[in-house]
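Below, read A as the first sequence line, B as the second, and so on, with proteins coming before strands; counting in each chain starts at 1. Because the structure is a prediction, the values reported are computed rather than measured.
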Protein chains: 2
Amino acid sequence: MFELDVRSRKPIYEQLVERLKELIITEVLTADEQLPSVRTLAHQLTINPNTIQKAYRELESQGYIYSIKGKGSFVSAATPNLNSEKIEKVKNELSKLLSEALYLGITKNELYKLIQEIEAAIGGGIEDDQNP
Amino acid sequence: MFELDVRSRKPIYEQLVERLKELIITEVLTADEQLPSVRTLAHQLTINPNTIQKAYRELESQGYIYSIKGKGSFVSAATPNLNSEKIEKVKNELSKLLSEALYLGITKNELYKLIQEIEAAIGGGIEDDQNP
DNA sequence: TGCAGTGTACTATGATTCCTAGTACAGTTA
DNA sequence: TAACTGTACTAGGAATCATAGTACACTGCA
């Protein structure tokens with residue numbers, strides 16, 4: 001469910017945040033669904049509970065989840081519309097990367113094709129290693 | 001000529017490497033052209049000479065420039081065809097980012113438009129803060 | 001009520017990376 | 001020779017990340 005790259009420049013907690021956001025946005029994780037506890041997930045991923053907590057705290061501050069002391073952490077009912085910020089961010093990164101791609105001689109058609117493929121993959125259904 | 005973001009997660013030397021590569025690939029810097037000396041550039045950018053050296057060393061190891069002790073650093077005559085590696089890397093990053101974009105609801109048309117704009121900007125001539 | 005599980009908070013520490021500072025040496029060129 | 005060039009090295013500060021350990025408050029259930 002989570003592919004963590006401990007050697008990445010991107011911190012583990014940040015990878016977790018992004019991955020969970022993705023699962024929430026795509027409704028793989030549904031509203032009010034309970035997330036694994038800090039300790040459980042830490043044990044599963046063999047990382048420190050503090051790292052999980054940091055990720056959860058970040059997600060809560062952004063409105064993607066809510067936590068209840070003594071009960072657990074749950075997916076927010078309403079996906080936050082902080083997406084607009086996120087969209088801007090992605091667009092900016094995308095611009096840079098696309099520039100680089102074109103500089104490197106990747107053609108527009110190749111880019112179009114890439115988009116088509118990705119869209120097909122998404123539209124065709126997202127597969128996960130989850131329980132049925 | 002160089003826009004450095006010291007607050008970025010990306011190290012300064014790495015930003016330098018990328019920027020210089022871009023300038024070399026796009027032939028803004030031409031073959032055998034002499035680059036600013038380590039000390040000069042460091043002074044211009046108000047960063048440490050060691051940081052420049054690190055960038056130059058990296059560029060040299062990748063074949064983009066060559067350095068001669070006592071003379072200076074120069075743009076390689078033949079652009080290395082390590083580009084194929086680079087292209088693969090960019091494509092991979094691009095795939096991830098495009099997935100995210102589509103997940104976030106950015107439409108294909110928006111992406112196409114983005115590509116058009118960037119291509120126009122590049123095709124229209126790259127402007128730099130250089131001496132005439 | 002007691003216990004096990006939950007989130008939360010805090011300090012301390014190790015590890016890594018980046019950048020800087022300073023010094024030194026070798027080569028080139030005018 | 002003097003001033004420039006690249007190169008190499010050690011040392012240290014600063015920041016970030018992850019871990020370890022402990023503690024407390026709350027919830028749910030037997």
Side-chain angles (χ1 to χ4, degrees), chain A residues 1-21 24 29 31-77, chain B residues 2-21 23-24 29 31-77:
Chain A
M1 186 164 185
F2 297 100
E3 300 167 9
L4 297 180
D5 180 6
V6 293
R7 301 171 57 194
S8 168
R9 174 138 58 205
K10 187 167 292 186
I12 293 177
Y13 82 93
E14 208 164 308
Q15 294 179 47
L16 268 173
V17 167
E18 291 192 357
R19 179 64 179 141
L20 281 166
K21 272 192 200 175
I24 292 171
L29 296 177
D32 297 317
E33 182 172 344
Q34 183 165 10
L35 297 171
S37 81
V38 168
R39 291 172 181 81
T40 301
L41 189 52
H43 184 258
Q44 276 180 18
L45 302 178
T46 59
I47 58 179
N48 196 281
N50 289 337
T51 306
I52 308 290
Q53 199 209 337
K54 189 167 185 179
Y56 279 11
R57 196 191 308 146
E58 178 69 16
L59 284 167
E60 183 167 25
S61 80
Q62 293 186 27
Y64 286 88
I65 69 174
Y66 59 94
S67 298
I68 303 175
K69 198 184 289 183
K71 294 190 70 175
S73 298
F74 308 85
V75 176
S76 289
Chain B
F2 297 100
E3 300 167 9
L4 296 180
D5 180 5
V6 292
R7 301 171 56 194
S8 167
R9 174 138 57 205
K10 187 166 292 185
I12 294 178
Y13 81 92
E14 210 164 305
Q15 294 179 46
L16 267 175
V17 167
E18 291 192 359
R19 179 63 179 141
L20 281 167
K21 272 192 199 174
L23 293 175
I24 292 171
L29 296 177
D32 297 317
E33 182 172 344
Q34 183 164 10
L35 297 172
S37 81
V38 169
R39 292 172 180 81
T40 301
L41 189 51
H43 184 258
Q44 276 180 19
L45 302 178
T46 60
I47 58 180
N48 195 283
N50 289 336
T51 305
I52 308 289
Q53 199 210 338
K54 189 168 186 179
Y56 279 11
R57 197 191 306 146
E58 177 70 16
L59 284 167
E60 183 166 25
S61 80
Q62 292 186 28
Y64 285 88
I65 68 174
Y66 60 93
S67 298
I68 302 175
K69 198 184 290 183
K71 294 190 71 175
S73 299
F74 307 85
V75 176
S76 289

### Query
Are the side chains of B:I47 and B:L16 in touch, meaning some heavy atoms are under 4.5 Å apart?
yes
### Query
Is the distance from OP1 or OP2 of D:dG28 to the nearest side-chain N or O of A:K71 less than 4.0 Å?
yes
### Query
Does B:S67 put a side-chain nitrogen or oxygen below 4.0 Å from OP1 or OP2 of D:dT7?
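Yes, B:S67 has a side-chain N/O under 4.0 Å of OP1/OP2 on D:dT7.
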### Query
What residues in residues 36-52 of chain B put a non-hydrogen atom under 4.0 Å from any atom of DNA chain D?
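Those residues whose heavy atoms fall under 4.0 Å from DNA chain D, taken from residues 36-52 of chain B in numerical order, are B:S37, B:V38, B:R39, B:T40, B:N50.
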Without decimals, in angstroms, what is the distance between [X] [atom1] and [N] [atom2]?
X	N	atom1	atom2	answer
A:Q15	D:dC17	CD	P	12 Å
A:L16	D:dC17	CG	C1'	13 Å
B:R9	D:dA14	CZ	P	22 Å

Has [X] got a side-chain atom pairing as donor or acceptor with [Y]'s backbone, closer than 3.5 angstrom?
X	Y	answer
A:Q15	A:D5	yes
A:E58	A:V17	no
B:S76	B:G63	yes

### Summary
Sorted by position of nearest nucleotide on DNA chain D, 5' first, the leading residue of A:E14 and A:I68 is A:E14
### Query
How long is the span from the CD1 atom in A:I52 to the CG atom in A:L45, to the nearest 0.5 Å?
5.0 Å
### Spacing of OG belonging to A:S37 relative to CD belonging to A:Q44, to within rounding of 0.5 Å
8.5 Å
### Task
Name the nucleic acid region contacted by A:Q34, choosing base, sugar-phosphate or nothing; use a 4.0 angstrom heavy-atom cut-off, strictly under.
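Touches nothing.
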### Task
Take B:I65 and B:I24 through the test side chain to side chain contact (heavy atoms under 4.5 Å, CB included) and record every step on the way to the result.
CA-CA 9 Å; B:I65 68 174; B:I24 292 171; 3.8 Å; yes
## Note on the structure
Residues pairing under salt bridge (Lys or Arg N to Asp or Glu O under 4.0 Å) where one sits in residues 9-18 of chain B, two or more places apart or in two chains, turn out to be A:R9-B:E14, A:E14-B:R9, B:K10-B:E18
### Task
Tell me, please, the opening and closing nucleotides of DNA chain C, 5' to 3', among those with an atom under 4.0 angstrom from a non-hydrogen atom of chain B.
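Reading along DNA chain C, I get C:dC18 to C:dT29.
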